[in-house]
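Note on naming: letters A, B, ... go to the chains in the order of the sequence lines (proteins, then strands), and numbering restarts at 1 for each one.
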Number of protein chains: 2
Amino acid sequence: MSEKTSASRVHILAAAIPLFARRGYSGVSMRDIARASGIQAASLYHHFPDKQTLYVEAMAQAFADKAEGFDKALTQTGSAEERLTDLVLSFTRLMSKDPDFCALLQRELLDGDETRLKQLAEQVFKQAFVAIRGLAGELVPGCDSHMVAISIASLILYHLETAPIRPFLPGGKVHHNKPEVIARHVTGLLLHGIKGCAK
Amino acid sequence: MSEKTSASRVHILAAAIPLFARRGYSGVSMRDIARASGIQAASLYHHFPDKQTLYVEAMAQAFADKAEGFDKALTQTGSAEERLTDLVLSFTRLMSKDPDFCALLQRELLDGDETRLKQLAEQVFKQAFVAIRGLAGELVPGCDSHMVAISIASLILYHLETAPIRPFLPGGKVHHNKPEVIARHVTGLLLHGIKGCAK
DNA sequence: GTCTATAGCCGGATAGAC
DNA sequence: GTCTATCCGGCTATAGAC
């Protein structure tokens, strides 16, 4: 076992991830992380040289876990339309099951420097992004598949991100938070435009 | 003039807004705000009882400014499809001109409590949201116009939010940041699905 | 209404015993 | 590898002169 996977390290990172997800980097103190992981603040410095490093490694951990899940969601068969439908549902379920990951992603988009965003793009999203782009290119040859892939992601993620404010906007219903409802809506929109959102 | 609009108050809030947008509530100190507005930190407490209140009033200010702009963007004429096209372009331009507002909105979705989100929904977005919902209902009678309105917002906002990471994802081009390009893509997608994204 | 000075607390980080 | 004790700087907020 390398030092990267010692039990305490992993334990500390697992405790830190939900804290960073909910309160952000500057909203979490080393003492908070110590309390959550059940050890003294000074002991954290035996495993990580400083808070920055602990944070970056917590992100790496959270995102590595997710990259695996993404790859599984990509093994689809059937027609291009069926694969799109399945893929949207898989990703919507995957993301809605993990609000911490969604929050960390949001926070990195807001606060991440170039280095971290590049890592995130290449190590977490690239494979899934390429698959979605390929599917878009298959469905609509000659389209700007980069933009289409971003649009697919945006539709799934924003319905989840706006969950806390939607109850206060007209027409918001509880079932709008169900992954199956979101996925159905998104698929209809992608395949047929807003006409595809008819009941 | 009520105390709510004294020159110093407005000056302090105007200095605080970009700081909160870029670094978030806990990433900005009263000393930072003092430095940015050119007065001593202690003097801030003459205008605001504490940091929380200063923050909430800065949000109120930033969002009130924007609600006006939204209303202007709603005065469209022509067929339903034309109004949708115009509205998407107006909102995309409005948001892309104001990255601070986009960031504050994102941060509030992550960190805002019920009270703040309710205010945001009712005082800033409600009017625009109702107009977009109405348009969706006109274009596709019987659709879930709440979800459609969220989807329209998501498409516009996520293309802007992901701007920092898209250079690292395959196929990302500089022109993907132009509001006109985004609006065109979004409109095509809404009216015809991904088929509408063909070149 | 703005200043200087400072109280009192909490933050990141280190020293050194065990 | 975890602990206790501590340094020191930055934080929010207050006191009081002008």
> Relative to the ring of Phe70(A), is the ring of Phe125(A) parallel (under 30°), tilted (30 to 60°) or perpendicular (over 60°)?
Replying inline: tilted
>> Going by the rule side chain to side chain donor-acceptor pair (under 3.5 Å), which residues pair with Ser8(A) if we only count those two or more places apart in sequence or in a different chain?
In response: none
>> Suppose we screen for side chain to side chain donor-acceptor pair (under 3.5 Å). Which residues come up paired with Asp86(A), at least two apart in sequence or across chains?
In response: none
>> Gln76(B): which residues meet the side chain to side chain donor-acceptor pair (under 3.5 Å) condition with it, sequence neighbours left out?
In response: Ser90(B)
>> Please check if the number of heavy atoms outside Arg83(B) that lie under 6.0 Å from its CZ is greater than 12.
In response: yes
Nucleotide N/O to protein N/O under 3.5 Å, stretch nucleotides 9-13 of chain D:
residue: dT12(D); atom: OP1; partner: Met30(B); partner atom: N; Å: 3.3
residue: dT12(D); atom: OP1; partner: Lys51(B); partner atom: NZ; Å: 3.3
residue: dT12(D); atom: OP2; partner: Met30(B); partner atom: N; Å: 2.8
residue: dA13(D); atom: OP2; partner: Tyr45(B); partner atom: OH; Å: 3.2
residue: dA13(D); atom: OP2; partner: Lys51(B); partner atom: N; Å: 2.9

> Which nucleotide span of DNA chain C, 5' end to 3' end, has atoms closer than 4.0 Å to non-hydrogen atoms of chain B?
Replying inline: dG1(C) to dA5(C)
> Of all residues at least two apart in sequence or in a different chain, which pass the ring-ring contact (aromatic ring centres under 6.0 Å, His included) check with Tyr25(B)?
Replying inline: Tyr55(B)
>> If I compare all heavy atoms of Arg133(B) with all of Ala149(B), which pair ends up nearest, and what's the gap?
In response: CG-CB, 4.1 Å
